[in-house]
Visitor: 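Please find one structure pasted underneath; my questions will follow.
No experiment lies behind these values; they were computed from the predicted model shown.
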Amino acid sequence: MSWVFVDGRVCDASSARVPVLDRGFLYGDSVYEVTRTFGGRAHLLGPHLDRLERSADGIYLTLPPRGVIEAAVTEVIRAGEGHELYLRIVVTRGEGELGLDPALADAPRLVVVGRAVNPPPAAAYRDGVAVVLSSRRRSSPELKTGNYLESVLATREARAAGAHEALLRDGVGRITEGSSSNVFAVVGGRLVTPPVSAGLLCGITRQSLIELARLDGLCVDEVPLWPADLLRATELFLSSSIRGVLPVTKLDGVAVGDGVPGAVTKRVMQLYQAST
């Protein structure tokens with residue numbers, strides 16, 4: 001059950017096509033956003049499109065007008081009526097002759113993919129998941145581009161270790177983010193998360209959780225985190241648009257805290273669920 005808006009129309013994913021000379025395919029020369037629907041509405045679409053614009057500015061890519069993107073998202077949601085959808089909004093630099101020069105591209109191509117959302121199973125939220133530390137780091141992490149190979153390989157590391165997610169580090173070893181998530185920890189009784197300046201994508205769900213937690217009276221500190229900090233954390237959790245708030249109960253094979261989702265994590269999960 002997947003629907004794709006491409007070249008001005010919505011079609012079934014099995015018949016959707018992008019030319020092989022599209023620069024998104026050839027070079028990862030594209031930007032994208034991922035969100036999901038709740039009650040048939042794209043969650044936090046405005047902030048996601050704001051970030052899409054920032055990513056596009058960062059690679060000198062001109063986006064279609066926002067109204068065109070919003071209309072395409074609406075068409076995909078309408079096509080998938082009756083289903084809560086995973087939504088992926090992609091803009092490539094377009095098609096052109098082979099060569100790295102961006103001027104070879106003709107015009108940006110907008111693609112919106114919608115499929116039935118498939119979050120982690122209920123047991124993952126109840127019992128938590130395992131993560132591993134990776135030595136990999138993404139290039140230009142502040143931009144959400146199609147150049148995602150480091151995250152692909154970090155995810156492979158995680159799967160090979162039987163874990164749900166891999167945590168990336170910067171050049172000196174500090175924790176930055178997950179391969180497709182942001183990370184929060186409870187260390188010394190404080191809820192902490194790496195600052196954007198550490199070299200990570202400013203997650204839309206991450207920012208929403210910081211605001212929700214602070215409004216609820218929780219103190220959230222954005223501070224550099226080292227692996228040693230996570231090893232002494234009493235709670236860990238991941239955040240992303242599709243997973244929401246996902247507890248972590250094992251890090252590199254070692255139990256986090258008591259090995260079960262903690263009170264702070266459960267409270268943040270409640271706050272997030274109430275906001276959707």
Side-chain angles (χ1 to χ4, degrees), residues 1 33-44 47-48 83-88 114-134 151 154-155 157-159 161-168 175 177-187 189-194 200-201 203-218 220 225 230-231 233-276:
M1 294 182 291
E33 283 292 324
V34 170
T35 185
R36 59 159 294 174
T37 64
F38 288 101
R41 295 174 62 87
H43 188 54
L44 296 173
H48 278 286
H83 302 279
E84 295 291 11
L85 299 181
Y86 162 107
L87 295 169
R88 189 180 192 92
R115 62 172 172 80
V117 70
N118 184 30
Y125 294 93
R126 183 190 67 231
D127 303 328
V129 299
V131 301
V132 294
L133 294 174
S134 172
S151 288
T155 299
E157 280 185 56
R159 296 296 183 270
H164 176 85
E165 177 71 303
L167 302 184
L168 308 181
I175 303 297
E177 60 189 342
S179 58
S180 61
S181 64
N182 289 114
V183 59
F184 289 78
V186 176
V187 181
R190 302 156 54 217
L191 180 58
V192 295
T193 189
L200 55 94
L201 183 70
I204 302 300
T205 302
R206 170 190 179 276
Q207 188 58 41
S208 176
L209 293 180
I210 290 172
E211 294 170 3
L212 289 169
R214 286 174 175 167
L215 284 173
D216 194 56
L218 289 171
V220 185
L225 292 177
L230 296 193
L231 290 172
T234 54
E235 299 183 41
L236 285 178
F237 62 84
L238 306 175
S239 69
S240 75
S241 293
I242 302 303
R243 287 168 286 198
V245 180
L246 185 61
V248 173
T249 50
K250 189 173 289 187
L251 171 65
D252 276 349
V254 178
V256 176
D258 295 330
V260 296
V264 174
T265 300
K266 290 179 179 178
R267 180 56 183 161
V268 175
M269 292 173 73
Q270 292 169 350
L271 294 172
Y272 178 74
Q273 290 164 0
S275 75
T276 61

Visitor: For residues 121-129, which side-chain N or O atoms pair as donor and acceptor with protein atoms under 3.5 Å away, sequence neighbours left out?
Guide:
{"residue": "Tyr125", "atom": "OH", "partner": "Arg243", "partner atom": "O", "Å": "2.7"}

Visitor: Quick one: does Thr37's side chain get under 4.5 Å of Val117's, heavy atoms only?
Guide: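 Sidechains of Val117 and Thr37: no contact.
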
Visitor: So, do Val220 and Val192 sit near enough that their side-chain heavy atoms are less than 4.5 Å apart?
Guide: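 The answer is no, as the side chains (C-beta and beyond) never meet within the 4.5 Å cut-off.
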
Visitor: State, with a plain yes or no, whether a side-chain heavy atom of Val186 is found less than 4.5 Å away from one of Phe237.
Guide: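 They are not in contact (no side-chain heavy atoms under 4.5 Å apart), so the answer is no.
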
Visitor: Got a second to check how far Asp252's CG is from Leu167's CG, nearest 0.5 Å?
Guide: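 Rounded to the nearest 0.5 Å, the CG-CG separation comes to 8.5 Å.
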
Visitor: Run the side-chain contact (heavy atoms from CB on, under 4.5 Å) test on Lys250 and Val131 for me, step by step, so that the C-alpha distance in whole Å, both residues' side-chain angles and the decisive distance to 0.1 Å come before the verdict.
Guide: CA-CA 6 Å; Lys250 189 173 289 187; Val131 301; over 6 Å; no

Visitor: Does Arg41, at its CZ atom, have more than 12 non-hydrogen atoms belonging to other residues, nucleotides or ligands within less than 6.0 Å?
Guide: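 Check fails, neighbour count at 12 or below.
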
Visitor: Determine yes or no for a side-chain-to-main-chain donor-acceptor pair under 3.5 angstrom, with Asn182 supplying the side chain and Leu238 the backbone.
Guide: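 It does not hold such a pair.
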
Visitor: Would you give the length of the straight line joining atom CG of Leu218 to atom CG of Leu271, rounded to the nearest 0.5 angstrom?
Guide: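 Interatomic distance, Leu218 CG to Leu271 CG, rounded to 0.5 Å: 7.0 Å.
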
Visitor: Looking at Pro120 and Leu246, what are the two nearest heavy atoms and their distance?
Guide: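 Scanning both residues completely, I find the closest heavy atoms to be CG-CD2, 4.2 Å.
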
Visitor: For Ser240 and Thr205, which I'm curious about, is there any donor-acceptor pair between the side chains at under 3.5 Å?
Guide: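 Short answer, no.
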
Visitor: Cation-pi check, Arg36 to Tyr86: give yes when NZ or CZ is under 6.0 Å from the six-membered ring centre and within 45° of the ring axis, no otherwise.
Guide: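 Cation-pi check for Arg36 and Tyr86: fails.
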
Visitor: Do Ile204 and Thr35 have side chains that get closer than 4.5 Å, going by heavy atoms?
Guide: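 Contact flag for Ile204/Thr35 side chains = no.
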
Visitor: Taking side chain as C-beta onward, heavy atoms only, is Leu44 less than 4.5 Å from Ser208?
Guide: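 Leu44 vs Ser208: side chains touch.
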
Visitor: For the residue pair Ala166 and Ala158, what are the closest heavy atoms and their distance?
Guide: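 For Ala166 and Ala158, the tightest heavy-atom pair comes out as N-CB, 3.7 Å.
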
Visitor: Using 0.5 Å steps for rounding, measure from the CD atom of Gln207 to the OG1 atom of Thr193.
Guide: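 Between atom CD of Gln207 and atom OG1 of Thr193 there are 10.0 Å.
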
Visitor: How close do Val132 and Ala161 get, heavy atom to heavy atom, and via which atoms?
Guide: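 In terms of heavy atoms, the two residues are closest at CG1-CB, 3.8 Å.
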
Visitor: Give every residue pair that meets the side-chain hydrogen bond (donor to acceptor under 3.5 Å, both in side chains) criterion with at least one member in residues 264-276, sequence neighbours excluded.
Guide: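 Matches after skipping sequence neighbours: Asp216-Arg267, Glu235-Thr265, Arg267-Gln270.
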
Visitor: How long is the gap from CZ on Arg115 to NE2 on His83, to the nearest 0.5 Å?
Guide: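 The CZ atom of Arg115 sits 13.0 Å away from the NE2 atom of His83.
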
Visitor: Quick one: does Leu200's side chain get under 4.5 Å of Arg206's, heavy atoms only?
Guide: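 Of all side-chain heavy-atom pairs linking Arg206 with Leu200, at least one is under 4.5 Å.
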
Visitor: Could you walk me through whether Phe184 and Val268 pass the side-chain contact (heavy atoms from CB on, under 4.5 Å) check?
Guide: CA-CA 11 Å; Phe184 289 78; Val268 175; over 6 Å; no

Visitor: Let me see the working for Leu133 and Leu251 under side-chain contact (heavy atoms from CB on, under 4.5 Å), right down to the final yes or no.
Guide: CA-CA 8 Å; Leu133 294 174; Leu251 171 65; 4.1 Å; yes

Visitor: For the atom pair NE2 (His48) and NE2 (His43), what is the distance rounded to the nearest 0.5 Å?
Guide: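 One finds 7.0 Å between NE2 of His48 and NE2 of His43.
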
Visitor: Is there a side-chain contact between Leu87 and Val34 in this structure, where contact means two heavy atoms from C-beta onward sitting under 4.5 Å apart?
Guide: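 Leu87 does not reach Val34 side chain to side chain.
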
Visitor: Sequence neighbours left out, what passes side-chain hydrogen bond (donor to acceptor under 3.5 Å, both in side chains) with Ser181? Give chain and number order.
Guide: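 For Ser181 the side-chain hydrogen bond (donor to acceptor under 3.5 Å, both in side chains) partners, ignoring immediate neighbours, are Glu165.
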
Visitor: Can you check whether Leu225 reaches Leu230 side chain to side chain, under 4.5 Å on heavy atoms?
Guide: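 Sidechains of Leu230 and Leu225: in contact.
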
Visitor: Taking atom CG of Leu168 and atom CD of Glu157, what is their separation to the nearest 0.5 Å?
Guide: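 CD of Glu157 is found 8.5 Å from CG of Leu168.
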
